[in-house]
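Only one structure is covered here, and it is reproduced in the block below.
Lettering follows sequence order; numbering is per chain, from 1. Just so it is clear, the structure is predicted and the values come from calculations on it, not from any experiment.
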Number of protein chains: 2
Amino acid sequence: MTQQADAPEPAEPKPAARSGEGGGARERIFRAAEWLVAEHGFDGVSTRDIVARAGANVAAVNYHYGSKTRLLLEIFRARATELNRERTQLLRQTLEAEPDNPRAILRALIEPPTLWVDDDRRIALRFLNRARYEGPLEIRELIRTDVRHLRRFADALASALPELPRDEVIWRLHFALGVLHYNQPTDYARLALISDGACTPEDREALMERLLQFICGGFGF
Amino acid sequence: MTQQADAPEPAEPKPAARSGEGGGARERIFRAAEWLVAEHGFDGVSTRDIVARAGANVAAVNYHYGSKTRLLLEIFRARATELNRERTQLLRQTLEAEPDNPRAILRALIEPPTLWVDDDRRIALRFLNRARYEGPLEIRELIRTDVRHLRRFADALASALPELPRDEVIWRLHFALGVLHYNQPTDYARLALISDGACTPEDREALMERLLQFICGGFGF
DNA sequence: ACGCTGTTCAAACGCTTGTTTCATACAGTA
DNA sequence: TACTGTATGAAACAAGCGTTTGAACAGCGT
């Protein structure tokens, strides 16, 4: 009736689910979409795939989220915020304890995503990593322009490395992110192939140390 | 008539083009597809986009290449072969001149793709980089399994760094590729944003030195 | 002139996509 | 008990996709 060119925006999510499945349809769709995209990629998942896994109707995605893209954007925002909060918190702790230790600063950058691989946020991380390359324009634009969070690390590193020009710090931070992001989605089958099985998926703590050592070396300490 | 479930495979490409456009339709399609994919990504380019840019008919892609995927695969193969040949040649020269200089070996890995950005192979490089993440399954599988070329670099590095265990060499080579691949598709707008304009797209030689320095540092020398 | 061969073309095929429609079922409240 | 806003369902929508068809065309050797 009332032309709903705007967002549907149901006032409240939902008091309780109808069946014992696991949350309301809105939340089930959220999780189904996140899982499917993490598994099959942004371009390998259709609206119908999502609702099938969520046990919902095709119309549910547009009813609850307005569009498929907005659903994906909401997932991205939620997970990215979560990751950034963890990093920022770790960075703050680091700066209080030892503000001039660049290694500790870099560790705050690397640790959260590396350790997420082990727990139930493995899916969330995979989603985030895919978003960088495959995600819809709205998401990629968000990644490109929202750099507040990286700036914090750049600032911390610059003041811990006063002898290094700031642009040099940022170049190396950029390189460090390369190592990190390239390493994230790795399935390690290729690494094992090159190394004849010598490089196998190891303990995440060990991997993080390895990463950190390489990056610190790149920074020059 | 003769059921053509197999490839059409026209015996010879074509003696001459029909108009003064620039090569036969087959070649025009090749270049149009490469350019479009480099520009808009694998999932942002349709068969109709390709033939429109090539000045050909919709059926031409399937006539000349069998399918859209085979066209993309042929482009990938051609460009990847070209890149690998250049790297291998450079590596051979290096190993003859100074076989125990790991920096020179890494340079042979980094230099070709970094310098391609400047000349007309910029498009080819962009295509290759996209293929790694967005390409059809056939291409990504090829990237994953064909590691002969990386093995050569692993071998060279291992023998130049005898004190380093081979699996450690491969881990660091893996990290180095991360820096390289992450850096390739960068449009530098984001870097400029973080650095308030301090980090701008610079001379490619200078960028390569910067890359090389970071990677050598990561390796520990 | 003929047929043969490689190429182009407009049109259509079958399928999937994201989205919409409208009727219905369900709460909670008056 | 009726009313109201929320949620779900089956069905259909228009548009785009990769691919196929069958006819027309050019150039060529015989």
Side-chain angles (χ1 to χ4, degrees), chain A residues 1-19 21 23-30 32-33 36-37 40-52 54-73 134-138, chain B residues 1-19 21 23-30 32-33 36-37 40-52 54-73 134-138:
Chain A
M1 182 190 178
T2 60
Q3 188 195 346
Q4 55 172 10
D6 232 346
E9 292 288 357
E12 277 298 298
K14 207 180 182 183
R18 48 190 278 277
S19 76
E21 298 229 14
R26 196 184 139 93
E27 202 182 320
R28 293 203 315 273
I29 287 173
F30 183 104
L36 283 170
V37 168
H40 302 112
F42 276 84
D43 296 297
V45 174
S46 71
T47 303
R48 283 166 179 83
D49 295 332
I50 295 170
V51 295
N57 188 268
V58 216
V61 164
N62 293 273
Y63 176 76
H64 286 288
Y65 292 93
S67 74
K68 186 193 180 190
T69 300
R70 284 236 279 273
L71 161 62
L72 298 174
L73 193 60
E134 318 166 13
L137 220 83
E138 287 87 340
Chain B
M1 181 193 178
T2 60
Q3 189 197 344
Q4 55 171 8
D6 230 347
E9 293 288 356
E12 277 299 297
K14 207 179 184 182
R18 49 189 276 278
S19 76
E21 297 229 18
R26 196 185 139 95
E27 202 182 321
R28 293 204 314 273
I29 287 172
F30 184 106
L36 284 170
V37 168
H40 302 113
F42 276 85
D43 296 295
V45 174
S46 72
T47 303
R48 284 168 179 81
D49 294 333
I50 296 169
V51 295
N57 188 268
V58 217
V61 164
N62 293 271
Y63 176 77
H64 286 288
Y65 292 95
S67 74
K68 185 194 181 188
T69 300
R70 284 237 279 273
L71 162 61
L72 298 173
L73 194 60
E134 318 166 12
L137 221 82
E138 287 88 340

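- Interatomic distance, A:N57 CG to A:T47 OG1, rounded to the nearest 0.5 Å: 11.5 Å.
- In terms of phosphate contacts, A:N62 brings no side-chain nitrogen or oxygen within less than 4.0 Å of OP1 or OP2 of C:dG18.
- Considering only the side chain of A:V58, C:dT19 comes nearest among D:dA7, C:dT8, C:dT19.
- Distance A:R70 CZ to C:dG18 P: 16 Å, rounded to the nearest Å.
- In this structure, the CZ atom of A:R28 is 13 Å from the P atom of D:dA7, given to the nearest Å.
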| said: Quick one, B:Y65 with B:R26, criterion side-chain contact (heavy atoms from CB on, under 4.5 Å). Give me CA distance, side-chain angles, the key distance, then yes/no. | reply: CA-CA 8 Å; B:Y65 292 95; B:R26 196 185 139 95; 3.5 Å; yes

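- Nearest nucleotide to the B:Y63 side chain, out of D:dC17, C:dT8, D:dT8: C:dT8.
- Between A:D49 and A:N57, the residue anchored closer to the 5' end of DNA chain C is A:D49, taking for each the nucleotide with the nearest heavy atom.
- Of the candidates D:dT21, C:dT19, C:dT21, C:dT21 carries the atom nearest the A:A59 side chain, counting heavy atoms from C-beta on.
- To the nearest angstrom, P of D:dA7 lies 14 Å from CD of A:E27.
- Atom pair B:Y65:OH and C:dT7:P shows a separation of 12 Å (rounding to whole Å applied).
- Minimum atom distance to the side chain of A:S46 is reached by C:dT17, of the listed D:dG18, D:dT8, C:dT17.
- Rounded to whole angstrom, the span from the NE2 atom of A:H40 across to the P atom of C:dT16 amounts to 17 Å.
- Note that NE2 of B:H64 and CD of B:E27 are 11.5 Å apart. Values are rounded to the nearest 0.5 Å.
- Remark: A:D43 CG to B:D43 CG distance equals 3.5 Å, nearest 0.5 Å.
- Distance A:I50 CD1 to C:dT16 P: 17 Å, rounded to the nearest Å.
- Residue-level contact check: A:T69 touches neither bases nor backbone, having no heavy atom under 4.0 Å from any strand.
- Listed nucleotides D:dA12, C:dT7, D:dT8 differ in distance to A:R48; the shortest reach to its side chain belongs to D:dA12.
- Atom-to-atom, NZ of A:K68 to P of D:dG16 comes out at 16 Å; the value is rounded to the nearest Å.
- Contacts of B:T47 with the nucleic acid, taken as non-hydrogen atoms under 4.0 Å apart, include base atoms.
- The minimum heavy-atom distance between B:V61 and B:V51, with the atom names listed, is CG2-CG1, 3.7 Å.
- Between B:D43 atom CG and C:dT16 atom P the separation is 18 Å, expressed in whole Å.
- One finds a side-chain N or O of B:H64 lying less than 4.0 angstrom from the OP1 or OP2 phosphate oxygen of C:dT8.
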